[in-house]
Amino acid sequence: MAEFTMELNDEQREVRDWLHGFAADVIRPAAAEWDEREETPWPVIQEAAKVGIYSLDFYAQQYFDPTGLGIPMAMEELFWGDAGIALSIVGTGLAAVGVLANGTEEQIGTWIPQMYGDATDVKVAAFCSSEPDAGSDVASMRTRAVYDEAKDEWVINGTKTWATNGGIANVHVVVASVDPELGSKGHASFIIPPGTRGLAQGQKFKKHGIRASHTAEVVLDGVRVPGSCLLGGKEKLDERLARARERARAAGGAGASPAEGPGRVKNAAMATFEASRPAVGAMAVGTARAAYEVALEYAMTREQFGRPVIDNQGVAFQLADMRTQIDAARLLVWRASWMAVSGKRFTAAEGSMSKLFASETAKKVTAQAIQILGGNGYTREYPVERMHRDAAIYTIFEGTSEIQRLVIARTLSGMPIR
Ligand SMILES: Cc1cc2nc3c(=O)[nH]c(=O)nc-3n(C[C@H](O)[C@H](O)[C@H](O)COP(=O)(O)OP(=O)(O)OC[C@H]3O[C@@H](n4cnc5c(N)ncnc54)[C@H](O)[C@@H]3O)c2cc1C
C-alpha cells in the first residue's frame, strides 16, 4: 500500500522552484507595466516560450504527474508572479484542452502546434463559448453551425464575448449549436484556422483586473470552415446527436436534457469541469499567497506607535486567518486534483468546492492585504491593490461562485435545485 505523504517529491520541488524563479525574476517585475498598458505582454510570453514554460509539452508533463499536483503547482507559482501576465501565458491552454478533449489525433497534431507557435514567433489561441446572452446559462447559446453537405463545410454565425485572446489568436476554438432543440447536448466545437474570412474581433474590453490579459468579443459572420474542422469528426457528432435525441424522446421532450434535471451531475461534461476547476482554484491560491506575503512583510517592518504594526493582535490575527485560509484552499485544490488524476468520483463536487473556496479566499485575503498596508495598500506604489483587482475574476470566470454552489448543492442532494 502506498505511503501517505503530503510532501512534494524531489522532481516536483525542482519544477516548483524553477517556476517560482521565472515568476519572481520575469513575471513580477513586469506586472505593473503591463497592467497599466492593458496589452498582451508578448515579450514575456516569448521569454516563457524560450525557457519551455509556454508549450503544450510543458503542460502535458505537469498533467501526467501521477499525484495530480503538477498543474496546480504550476498555476500557483505563475499566478503568484502576476495574474494578468500568467493568464496570457496559460490562456492558450483553454483552447488546447478543448482540442485535446474532443479532437481526433490528426486534429490535435495539426492545430495545437499552431496555437503556441514557437519561441521565435509565439502565437496564442482562444476558446470561445460565452455569449452576450449565454454566460452561466450555456444552453441558451445562439451561435449556430450549419453543415453544407455539397461543399463539406460548416457555416458559422454568431457573436462570442469575453473571449480570452479573442481576435488576436492564431487559432480560435468556437462552440456552436448544431441542434438548438437539444440545448447543451446539441453543441459542437469547431476550429477556426488562422486567417479565416468572416471572423473579426469586436470590442476589446477595458477591465477591472487581469488587464495584461486580452479579453474581447469575437464576431462570426458567415464563417466557413472545412468539415475537418469539426472537433471529433462528423460521424462521432451524428452518433452523439442521435443518442441525445433518443434520450430526450424517452424523457418526454426535446428540451429535457440531462443538464436541466437531477441527473446533471452524472454527465460527462460535468465530470470534466470537476477535473478542470481546481486549476482555477490554484490560480486564486497564487494571487492570495502573493498578497499575503506582501502584507506580512509590511506588517513586520512598518512601525506605528513605536512598534511594528504586526505587534497588534488586530493585525496579527488577520494575517493568521489569511494564511490559514490560503492553506485550506490549497488543500482543497490538491485533493480535487488528486481525485481527478486517480479517477475518483466527485461525489460531493469536490472540484467545484475547491474553486469556490479558493476564489472567495483570494478576494478576501487581497482586500485584507490592502487594509494591512493602509494608505500604501490603496496606491499603485504597492502591488496589493492590483492583486485585489485581479482576484475578483476568480469568482466569475469558469463558473461563478453561485454556479459552483449550485453544482455542489445539486450533487449533495441529487435535486434539481435552482
Ligand atoms: C476576464 C474574463 C475572461 C473570460 N474568458 C472567457 C473565455 O476565454 N472563454 C469563454 O467562453 N468565456 C470567458 N469568460 C466568460 C465567463 O466564463 C462568464 O463571464 C461567466 O461564465 C459568467 O457569465 P456571465 O458573465 O454572463 O454572468 P451571468 O450568467 O449573467 O450571471 C450574472 C449573475 O447572476 C448569477 N447567476 C446566474 N445564474 C444563476 C443561478 N442559476 N443561480 C444563482 N445565481 C445565478 C451569477 O452567479 C452572477 O452573479 C470570461 C469572462 C471574463 C470576465
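All ligand and atom numbering here is 1-based and tracks the order in the structure.
Within the 4.0 angstrom cut-off, atom 34 (O) of ligand 1 has no protein heavy-atom neighbours. Taking a distance limit of 4.0 Å, we find that atom 3 (C) of ligand 1 is approached by some protein heavy atom. There is a protein heavy atom less than 4.0 angstrom from atom 13 (C) of ligand 1. The protein does not reach atom 30 (O) of ligand 1 closely, with no heavy atom under 4.0 angstrom from it. Within a 4.0 Å radius of atom 50 (C) of ligand 1, the protein contributes one or more non-hydrogen atoms.
Scanning the protein for heavy atoms near atom 26 (O) of ligand 1, the closest one is G135 CA, 3.2 Å. Ranking the protein heavy atoms by distance from atom 46 (C) of ligand 1 puts T400 OG1, 3.7 Å first. Protein heavy atom in closest approach to atom 40 (C) of ligand 1: I403 CD1, 4.1 Å. Closest protein heavy atom to atom 27 (O) of ligand 1: S136 OG, 4.1 Å. At the shortest separation from atom 9 (N) of ligand 1 among protein heavy atoms lies F127 O, 2.8 Å. Protein heavy atom closest to atom 7 (C) of ligand 1, with residue, atom name and distance, is W162 O, 3.4 Å.
T196 contributes no side-chain N or O that, together with a main-chain N or O of I192, makes up a donor-acceptor pair within less than 3.5 Å. Between the side chain of R240 and the main chain of K185, a donor-acceptor pair closer than 3.5 Å is present. Here the side chain of E77 pairs no donor or acceptor atom with the backbone of L19 at under 3.5 angstrom. Between the side chain of N157 and the backbone N or O of G222, at least one donor-acceptor pair lies under 3.5 Å.
Any N or O atom pair closer than 3.5 Å counts here, and S130 shares at least one such pair with ligand 1.
Less than 4.0 angstrom separates some heavy atom of K207 from each of these atoms of ligand 1: 1 (C). Within ligand 1, the atoms closer than 4.0 Å to a non-hydrogen atom of E398 are 17 (O), numbered from 1 in the order shown. Short contacts between ligand 1 and L406, defined as distances under 4.0 Å to a heavy atom of the residue, involve ligand atoms 41 (N). Every atom of ligand 1 with a heavy atom of I210 under 4.0 Å away is listed here by number and element: 1 (C).
No side-chain donor-acceptor contact under 3.5 Å links T395 and E360. Side-chain polar atoms of T215 and K204 form no donor-acceptor pair below 3.5 angstrom. Between the side chains of E131 and T143, at least one donor-acceptor pair of N or O atoms lies under 3.5 Å.
Crowding of Q203 atom CD: a count of heavy atoms from other residues, nucleotides or ligands under 6.0 Å exceeding 12.
Taking every heavy atom of both residues into account, I45 and S88 meet most closely at CD1-O, 3.8 Å.
Heavy-atom proximity to atom 20 (C) of ligand 1, evaluated over I396, D133, I393, I417, is greatest for I396. Residue nearest to atom 43 (C) of ligand 1, selected from E402, Q404, R418: E402 (by heavy-atom distance).
Contacts between T164 and ligand 1 below 4.0 angstrom, taking non-hydrogen atoms only, involve backbone and side chain alike.
At least one cation-pi condition fails for R13 and W18: the charged atom is not both under 6.0 angstrom from the six-membered ring centre and inside a 45 degree cone around its axis. Stacking of R335 on the aromatic ring of W338 is not recorded, the 6.0 Å distance cut-off and the 45° axial limit not both being met.
Salt bridge K123/D118: absent, no basic N to carboxylate O contact under 4.0 Å.
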